[in-house]
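Order of listing sets the numbers, starting from 1, for every ligand and every atom in it. Because the structure is predicted, anything quoted here is derived from the model rather than measured.
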Amino acid sequence: MATKMKTESASAAAMRRLDGMLRIRRFEEQVLRMGAAGAFPGHYHVYIGQEPTAIAACEMLLPEDLIFTTWRNHGHLLARGASPDRLLAEILGRATGLCRGKSGTLHLASVELGVPATSAMVGGALPLAAGAALGLKQQRSRGIVVLFFGDAALDEGAAYEAMNLAALWRVPILFVCENNSIPPEKRKRGQFPSSSLSAAELVDVPRSLQIPTEVTDGADAQGLFDSFRRLIDDVRDSGAPRFVEVRCTRWPGNNMTWPEMIGGECRLDWAFGVRPELPELAAWVEASDPVLLYLRKLVDSGVVSLEAVSAADERIRERVAAAARFAEASPWPEAAEALAGVFAEATRRQ
Ligand SMILES: Cc1ncc(C[n+]2csc(CCOP(=O)(O)OP(=O)(O)O)c2C)c(N)n1
Ligand SMILES: [Mg+2]
């Protein structure tokens, strides 16, 4: 993958990255439409506003690398190459889904894609990922682990233990903390921070454990591509952990309760002066939408044309619509399958 990137022109790389980000954005909009229509039960989370983090991290990965993620996982799975058909079918709980309809959105995993497990427990993925990194080290693999988690994970004891052990054992893992917490001044009544730490800065925690640490701006896609290229090379070359905090401004539709497609689907012309009516969304688009800010920068500097991106966006929308048709037409799992592929199978009485 790294060799392919070296020979790629700047405009081809930019188009590939934009394509990846828009695939996530349009996919999540489809999930929001289906969620609002009651097409699947239960809670769900979308990755709108954080797209370049997943694309930047996953474009650097080799097939033997592993990723771990949380409930906010759709973008990570897509960036790692998941088929939108099978991902959406899984969210709908259908037999054609990535996990045969057993995980739904919260526990998505795919052995083929190097996504061994997702934990919907706050902080739960950190020990799993540190253990997997130890496994890779013991196998003398060139593979590394990239672990995506939210800022609230640092409220959990398991996170400290996992980071401490990863540092002591020197295992190849990149901790990617996607900090989308709502700052106190922007919180509305009833909203709460997703993390509360006694440390002054979130990164004080990994730093105190001797893990090299940095902070990046989640709204600056180009900066993320540059940082992740370096960080992943560092982890692979040193075989030791690194920690990065990506500071994102939470997409206003990501309520602390249920997500909501406020202000309608994203329009590419929002990047060029047209503004959504909703002031909250308009402010976010202007200052913090990493996809539209990247698009504007690339078009303004002549690296890509808006026509080419609009055509790509149209193809992506058609692809996502096809995924929705596939998922909705897919069967539910058979009742007889209920005990297949689960731990309980091993202890089932004959
Ligand atoms: C141990 C535990 N406590 C509480 C919850 C309920 N819960 C689900 S998501 C969430 C907030 C997570 O915030 P963060 O890690 O910052 O991720 P974000 O959703 O903001 O991306 C909470 C408290 C949980 N899943 N696990
Ligand atoms: Mg958060």
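- Neither the backbone nor the side chain of F149 has any atom closer than 4.0 Å to an atom of ligand 1 (non-hydrogen atoms only).
- Listed by chain and residue number, H76 satisfy the ring-ring contact (aromatic ring centres under 6.0 Å, His included) test with F148 (two or more places apart in sequence, or in another chain).
- The minimum heavy-atom distance between V31 and V46, with the atom names listed, is CG1-CG1, 4.4 Å.
- Annotation: ring-ring contact (aromatic ring centres under 6.0 Å, His included) contacts of Y294 (sequence neighbours excluded): F225.
- Counting backbone and side-chain atoms alike, D151 contributes an N/O/S atom closer than 2.8 Å to the Mg ion (ligand 2).
- Residue contact annotation: N180 places an N/O/S atom under 2.8 Å from the Mg ion (ligand 2).
- Between R26 and E29 a salt bridge is recorded (basic side-chain N to carboxylate O distance below 4.0 Å).
- Of the listed residues (R72, H43, Q50), the one carrying the non-hydrogen atom nearest atom 19 (O) of ligand 1 is R72.
- Between the side chain of D289 and the main chain of W284, no donor-acceptor pair closer than 3.5 Å is present.
- When every heavy atom of A221 is checked against every heavy atom of P290, the shortest pair comes out as CB-O, 4.2 Å.
- The contact set between ligand 1 and M121, taken as ligand atoms under 4.0 Å from a residue heavy atom, comprises 1 (C), 26 (N).
- Not a single N or O atom of H45, backbone or side chain, sits closer than 3.5 Å to an N or O atom of ligand 1.
- R275 forms no cation-pi arrangement with W270, by the criterion of a distance under 6.0 Å to the ring centre and an angle within 45° of the ring axis.
- Using a 4.0 Å cut-off between heavy atoms, S181 makes no contact with ligand 1 at all.
- Annotation: W71 places an N or O atom under 3.5 Å from an N or O atom of ligand 1; distance criterion only.
- The option from V122, D155, T70, V46 that lies nearest to atom 2 (C) of ligand 1, judged by heavy atoms, is V122.
- Per-residue contacts place D151 under 4.0 angstrom from the following atoms of ligand 1 (heavy atoms of the residue considered): 14 (P), 15 (O), 16 (O).
- Nearest approach of V304 to A14, heavy atoms of both residues: CG1-CB, 3.9 Å.
- Looking at C177, A159, A152, it is A152 that brings a heavy atom closest to atom 14 (P) of ligand 1.
- When non-hydrogen atoms are compared, ligand 1 lies under 4.0 Å from neither the backbone nor the side chain of E178.
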